[in-house]
Amino acid sequence: MSTHLIGGGWDEAAAGLVYGPFLKAAGDAPTVAVLLMDEGDGAEYFARFERVLRRTARCTPVPVLVPLGGVPDLGALDGADALLIGGGLTPAYQDALGGLRTELPALLAARGLPYAGFSAGAAVAAGTAVVGGWRSAGVPICPEETGEDLEEIELRPGLGLVPFTVDVHAAQWGTLPRLIEAVARGGVRQGVAIDENTVLTVDAGTARVSGTGRVHLVQADGSGVGLRAYRAGESFAFD
């Protein structure tokens, strides 16, 4: 199975670059389960994904709407060829999916289903997920409006689909410093911060960038923290 981490963004001109690798991995005319936390606008939010997916390739998106405080029914994935988890309040997604950290990845692996995570869906794909926060020990690190209703940077268990931590909306929201701080504090060893309208496709130990922005790789090294940006068409290996 492949994992596709999307940094957010709704530039339809970039949709083929961003969603194309995921839909290609899903096969011919796939059924795509689109799992969304429903904050009262679930149907409208699903319609946005349905439009962009259908414009990218022949497919059948199917909504899987989970009320806030609820837990997804994995039976809703029966008959699906791929899973896309959308965005919204990242802590809410982690709350909903936290109890499925073993069951959901096992299901995806057993059935060979590609996974796409959009914004929050990308963040929770990590083994250790950055779910929000904008301060570190009280010191502002990134804009307050990016905090996801949290003050301090908070790391929680994710799905473990990728071995590195993921932050999103990097250039647009200024979240790269949050990831750098998470690595510098020793909470995680490496992570990626993904720009909007950009996807990092992870498969067999290699990560490849597509889309219009950059993916910023942050790693702890002997002298502190190392940073490198990758653009579309570039790739890197990871442990």
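Under the side-chain contact (heavy atoms from CB on, under 4.5 Å) criterion, Ala120 pairs with Thr90, Tyr93, not counting sequence neighbours.
Contact record, Ala15 with Val52: CB-CG2, 3.4 Å, taken as the closest heavy-atom pair. Considering all non-hydrogen atoms of both residues, Ser136 and Glu181 come closest at OG-OE2, 2.6 Å. Here the shortest heavy-atom pairing between Arg101 and Gly98 reads NH1-O, 2.8 Å. Across Ala170 and Asp195, no two heavy atoms sit closer than the pair CB-OD1, 3.3 Å. The heavy-atom pair separating Pro91 from Leu150 by the smallest distance is CG-CD1, 4.0 Å. Listed here is the closest heavy atom pair of Gly42 and Asp38: N-OD1, 2.8 Å.
Grouped by direct or indirect side-chain proximity (heavy atoms under 4.5 Å, Ile/Leu/Val/Met/Phe/Trp/Tyr only), Leu155 sits with Val130, Leu176, Leu179, Ile180, Val183, Val188, Val218, Val225, Leu227.
Contact of the Trp173 side chain with the Cys142 side chain is not registered, since no non-hydrogen atoms from C-beta on lie closer than 4.5 Å. Taking 4.5 Å as the limit, some side-chain heavy atom of Thr206 sits within range of a side-chain heavy atom of Ser235. Side-chain atoms of Val168 and Thr175, non-hydrogen and from C-beta on, never get closer than 4.5 Å to each other. Side-chain contact check for Leu104 versus Leu159: some heavy-atom pair is nearer than 4.5 Å. In this structure, Pro72 and Leu97 have side chains that are in contact, with non-hydrogen atoms separated by less than 4.5 Å. Contact of the Thr31 side chain with the Cys59 side chain is not registered, since no non-hydrogen atoms from C-beta on lie closer than 4.5 Å.
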One pair to check against side chain to side chain contact (heavy atoms under 4.5 Å, CB included): Val66 and Val71. What are the steps and the verdict?
CA-CA 7 Å; Val66 181; Val71 176; 5.9 Å; no
Leu100 and Glu103: side chain to side chain contact (heavy atoms under 4.5 Å, CB included), yes or no, with the steps?
CA-CA 5 Å; Leu100 302 175; Glu103 190 176 359; 3.7 Å; yes
Decide side chain to side chain contact (heavy atoms under 4.5 Å, CB included) for Val215 and Arg231; before the verdict, give the C-alpha distance in whole Å, the side-chain angles of both, and the deciding distance to 0.1 Å.
CA-CA 7 Å; Val215 171; Arg231 65 184 66 202; over 6 Å; no
Between Tyr19 and Ile6, does the side chain to side chain contact (heavy atoms under 4.5 Å, CB included) criterion hold? Intermediate values first, please.
CA-CA 9 Å; Tyr19 295 94; Ile6 302 167; 3.6 Å; yes
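Taking CG of Asp149 as the start and CH2 of Trp134 as the end, the distance is 13.0 Å to the nearest 0.5 Å. Expressed to the nearest 0.5 Å, how far CG of Asp221 lies from CD of Gln190 amounts to 11.5 Å. Atom CG of Leu36 and atom CG of Leu65 lie 6.0 Å apart (nearest 0.5 Å).
Hydrophobic cluster membership is shared by Val18 and Tyr45, with clusters built from Ile, Leu, Val, Met, Phe, Trp and Tyr side chains linked at under 4.5 angstrom. Residues Phe22 and Leu77 share a single hydrophobic cluster, defined by chaining ILVMFWY side chains whose heavy atoms lie under 4.5 Å apart. Val162 and Leu107 fall into different hydrophobic clusters, defined by Ile, Leu, Val, Met, Phe, Trp and Tyr side-chain heavy atoms under 4.5 Å apart, directly or through other members. No path of Ile, Leu, Val, Met, Phe, Trp and Tyr side chains, each step under 4.5 Å between heavy atoms, connects Met37 with Val131, placing them in separate hydrophobic clusters. Both Met1 and Val32 sit in one connected hydrophobic cluster of ILVMFWY residues. Membership requires side-chain heavy atoms under 4.5 Å apart, directly or through other members.
No donor-acceptor pair under 3.5 Å is formed between the side chain of Thr198 and the backbone N or O of Ile194. For the pair Asp41 (side chain) and Glu44 (backbone), a donor-acceptor distance under 3.5 Å is absent. For Asn197 (side chain) and Gly211 (main-chain N/O), no donor-acceptor pair under 3.5 Å exists by modelled atom type.
Looking at Arg51 and Glu12, a side-chain N of the basic residue comes within less than 4.0 Å of a carboxylate O on the acidic one, giving a salt bridge. The pair Arg135-Glu152 does not count as a salt bridge, with every side-chain nitrogen at least 4.0 angstrom from each carboxylate oxygen. Between Arg58 and Asp28 a salt bridge is recorded (basic side-chain N to carboxylate O distance below 4.0 Å). A salt bridge links Glu50 with Arg54: the closest approach of a Lys/Arg side-chain nitrogen to an acidic carboxylate oxygen falls below 4.0 angstrom.
With Tyr230 as the partner, the side chain to side chain contact (heavy atoms under 4.5 Å, CB included) test is satisfied by one option alone out of Leu200, Val192, Leu217: Leu217. Each of Val202, Leu161, Leu84 was evaluated against Tyr115; a single residue qualifies, Leu161, per the side chain to side chain contact (heavy atoms under 4.5 Å, CB included) test.
Applying the side chain to side chain donor-acceptor pair (under 3.5 Å) test to pairs two or more places apart or on separate chains, those with a residue in residues 155-172 are Gln94-Arg156, Asp95-Arg156, Ser119-His169, Glu154-Arg156, Asp167-Arg178, His169-Glu196.
The aromatic ring centres of Phe49 and Phe118 sit less than 6.0 Å apart.
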